[in-house]
Amino acid sequence: MDLEALNGLLRPKSIAVVGASNKEGKIGYTVVRNLLISQYRGTIYPINPTESVIQGLQAYPSVLDVPGTIDAAVITVPAKLVPAVTEECGKKGVKGLIIIASGFSEVGRHDLEQQVVDIAQRYGVRVLGPNIVGILSNSDLCNASFAPFLPLAGKAALVSQSGALLIAMDASTYTRRVGFDKMVSIGNMSDVDFADTVEWLDQDEATACISLYIEGLRNGRAFMHAALKAAKPIVALKAGVSAHGAAAAASHTGSLAGSGKIYDAAFQQGGVVRAADLNNLFDRTLALSLQPPMQGENMLIITNGGGVGVLATDAAERYGIPLRFAPDDVQTELKKHMPEFGSAKNPVDLTGMAGRDWYYASVRYAFAHPWVDGLAVLYCETAITDPLEIADGIKQALDDAGVKDKPVVVSFVGGEQSDAARKWLVENGVPAYDAPDVAVNALAALREYARSRQLASEVFQRYADVDEATARAIIANARAHHNHSLTEIESKKIFRAYGMPVALTEMAQTEDEAVQLAEQIGYPIVMKIMSHDILHKSDAGGVKVNIKNAEGVREAFRTIIANAKAYKPDAIIEGVAVQEMAPWGTEVIVGSVDDPTFGPSVMFGLGGIFVEILKDVTFRVAPVSADQSFKMLEEIKAGAILAGARGEAPRDRRALAEVLSRYSQMITDLSDEIAESDANPVLVYAEGQGAKVVDARIILKK
Ligand code: ACO
């Protein structure tokens with residue numbers, strides 16, 4: 001990261017506003033005014049060709065006329081003037097441009113945008129935007145934007161691809177009481193993108209949580225890399241997942257990848273917490289900016305009302321941290337702080353009579369107890385208790401427990417007094433919400449953060465026993481014959497070169513050859529037509545199974561050739577494949593796509609209706625370790641089938657995980673060549689008996 005240039009851009013000590021104006025209502029007017037109102041402490045240089053004074057400040061006709069140095073230049077002149085202004089800024093030694101002007105790639109003017117970036121790069125100037133609102137920073141008292149005011153002060157930082165949304169979120173920080181130190185609008189991301197801003201914010205002292213609104217990443221791998229390196233929590237709302245990548249996808253895997261599942265996978269692999277919608281982004285940002293991650297699975301709920309307790313319990317299950325009963329010692333102690341008819345299990349119901357003292361005692365004890373990994377404290381407003389007093393009791397108990405490495409969330413349901421209590425709690429560092437499920441969702445974010453960090457720390461170890469040279473030679477040979485779609489035999493040889501167990505397959509040109517190969521492989525066997533012109537072999541009558549002897553081989557050979565010729569008379573037939581007939585096993589599918597954002601990515605699912613109808617598949621950006629691959633097997637809905645559901649013997653999941661991991665290495669190593677591929681089916685046998693790739697397909701890049 002070019003720290004100095006990004007510091008100049010995002011924490012400028014001096015700002016030029018190019019296109020500064022005295023005319024109220026213009027963006028060039030508003031930016032200067034916002035800098036003055038926010039009490040920006042650096043130097044402001046208004047730039048205007050005709051005015052000598054702008055809003056009381058001395059103005060200059062060009063940045064080149066400015067006597068001092070300029071860290072950042074906010075550009076508020078029309079798009080067509082931006083290249084010339086960029087040239088001047090480069091000559092002046094400006095570190096970064098904040099290009100508010102629209103009219104670039106977002107309206108098809110990629111050329112103009114590229115021209116600006118080229119000029120900037122020539123001078124080593126970083127570019128934020130174009131087509132943005134600007135930047136806002138509480139700690140620098142800097143509103144270099146046309147958003148109305150600085151956000152409510154806090155510890156989060158927002159990076160938004162949408163300018164309008166940033167403005168809307170800025171205003172709602174006050175009503176939602178989620179504090180931000182910085183807001184950065186990145187618009188068209190012509191240069192500075194999410195990866196840069198994540199990396200920079202990670203070292204920014206005023207930022208505790210990085211909150212992202214993403215429509216599309218420019219370079220998915222760079223983002224994952226920056227996210228993985230970040231020591232601070234990142235929460236992302238990804239919009240527009242529906243059509244991604246689906247349009248051009250010819251294969252099964254490709255069409256399934258279009259549903260945003262690769263983004264899901266990449267976020268998980270990068271340790272990024274996901275937000276479901278805008279409200280959720282605020283709620284999760286609040287918790288992640290105020291509380292530490294939840295390292296274990298044990299969440300304790302303390303409440304004064306059964307109803308909110310049940311709602312919280314439901315939410316806990318929904319968001320992946322199902323409740324367990326508290327251990328006996330916890331129950332025994334908590335029983336002392338509630339009436340006879342209370343419950344100390346989990347949720348701990350202090351009953352409607354609970355006042356400050358009961359809340360204080362139970363929260364203090366529970367928070368310090370080693371069994372408890374995270375705490376949700378719920379309160380329903382009653383006529384016999386004062387919400388502010390309860391809030392004070394909770395906060396005091398948390399402080400007195402002396403615990404700093406576990407999270408707590410709070411929900412107060414009630415009227416104005418509860419609202420005031422929530423406000424007070426948030427101001428005192430405790431994330432407080434107006435509904436129990438929202439509080440539990442926020443705690444789940446802290447759990448997801450810890451868990452995805454653990455997962456992300458598992459690194460992929462390359463398999464050393466692979467034969468990349470053989471794989472490349474097969475590809476080169478196919479390319480020499482202008483074949484983009486490899487035959488099953490070629491594909492399987494490449495799979496085998498990567499150490500995957502493959503059902504033996506050889507090519508026969510004649511009946512005699514077929515018999516000879518069948519005897520070598522051993523009966524029963526399968527025979528299939530081999531032709532680049534026939535993709536769907538079964539439809540062409542080009543597959544015969546369970547052939548048991550030489551006579552059967554001869555007959556199958558003749559029938560397959562005749563069927564293929566009838567199906568497609570002009571098809572060029574390379575021969576007939578003779579293949580080991582693998583014994584029955586559980587059918588699974590492994591596939592890959594070259595995702596436009598994240599590159600080679602691997603898909604896994606069970607075969608048949610599971611993939612065709614239920615679309616029960618999961619993705620990872622390749623490569624994936626065998627341990628990560630094992631988690632893929634567990635996370636599909638039908639994962640229980642492989643684990644041994646309904647009395648069936650468990651399948652050999654370790655062997656299958658290794659196939660997935662080796663496959664992911666294959667598509668990564670050969671990513672310059674492979675467009676998509678699959679192994680369909682892979683048969684998985686009982687534990688200890690392995691798995692076998694029965695059919696394989698590789699399509700090369702054009
Ligand atoms: N250097 C300095 N100032 C110059 C130069 C120059 N080379 N050339 C012209 N100027 C001055 C102009 O004289 C004018 O000053 P004046 O008000 O004293 O006359 C000022 O710069 C602005 O130029 P205008 O031609 O008046 O441009 P205008 O202010 O109408 O529009 C703007 C410029 C705001 C950049 C417009 O082109 C634009 O892109 N608007 C969209 C901005 C936007 O929405 N961004 C995306 C945010 S995301 C979202 O959707 C919320």
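Note that the coordinates shown come from a computational prediction; the quantities given were computed from them, not determined experimentally. In listed order, ligands and their atoms are each counted from 1.
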side-chain hydrogen bond (donor to acceptor under 3.5 Å, both in side chains) partner of R218, chosen from D193, N188, T597
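So the option named by the test is D193.
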Passing candidate, salt bridge (charged side-chain N to carboxylate O under 4.0 Å, His left out) with D204, options K182, K155, K232
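Of the listed residues K182, K155, K232, the salt bridge (charged side-chain N to carboxylate O under 4.0 Å, His left out) partner of D204 is K182.
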Between the protein and ligand 1, which nitrogen or oxygen pairs come in under 3.5 Å, and how far apart is each?
residue	atom	partner	partner atom	Å
ligand 1	3 (N)	G19	N	3.4
ligand 1	15 (O)	N48	ND2	3.2
ligand 1	17 (O)	S21	OG	2.7
ligand 1	17 (O)	K26	NZ	3.0
ligand 1	18 (O)	N48	ND2	2.9
ligand 1	19 (O)	K23	NZ	2.8
ligand 1	26 (O)	K26	NZ	2.4
ligand 1	39 (O)	S102	N	2.8
ligand 1	45 (N)	I100	O	3.0
ligand 1	45 (N)	S102	OG	3.1

Testing I15, V127, I132 for side chain to side chain contact (heavy atoms under 4.5 Å, CB included) with I98, which one passes?
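Testing I98 for a side chain to side chain contact (heavy atoms under 4.5 Å, CB included) against I15, V127, I132 leaves exactly one candidate, I132.
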Can you check whether P12 reaches Y40 side chain to side chain, under 4.5 Å on heavy atoms?
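Yes, side chains in contact.
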If you count heavy atoms of other groups shown closer than 6.0 angstrom to NZ of K80, is the number above 12?
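Result for NZ/K80: open.
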Is atom NZ of K92 surrounded by more than 12 heavy atoms (other residues, nucleotides or ligands) closer than 6.0 Å?
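More than 12 within 6.0 Å, yes.
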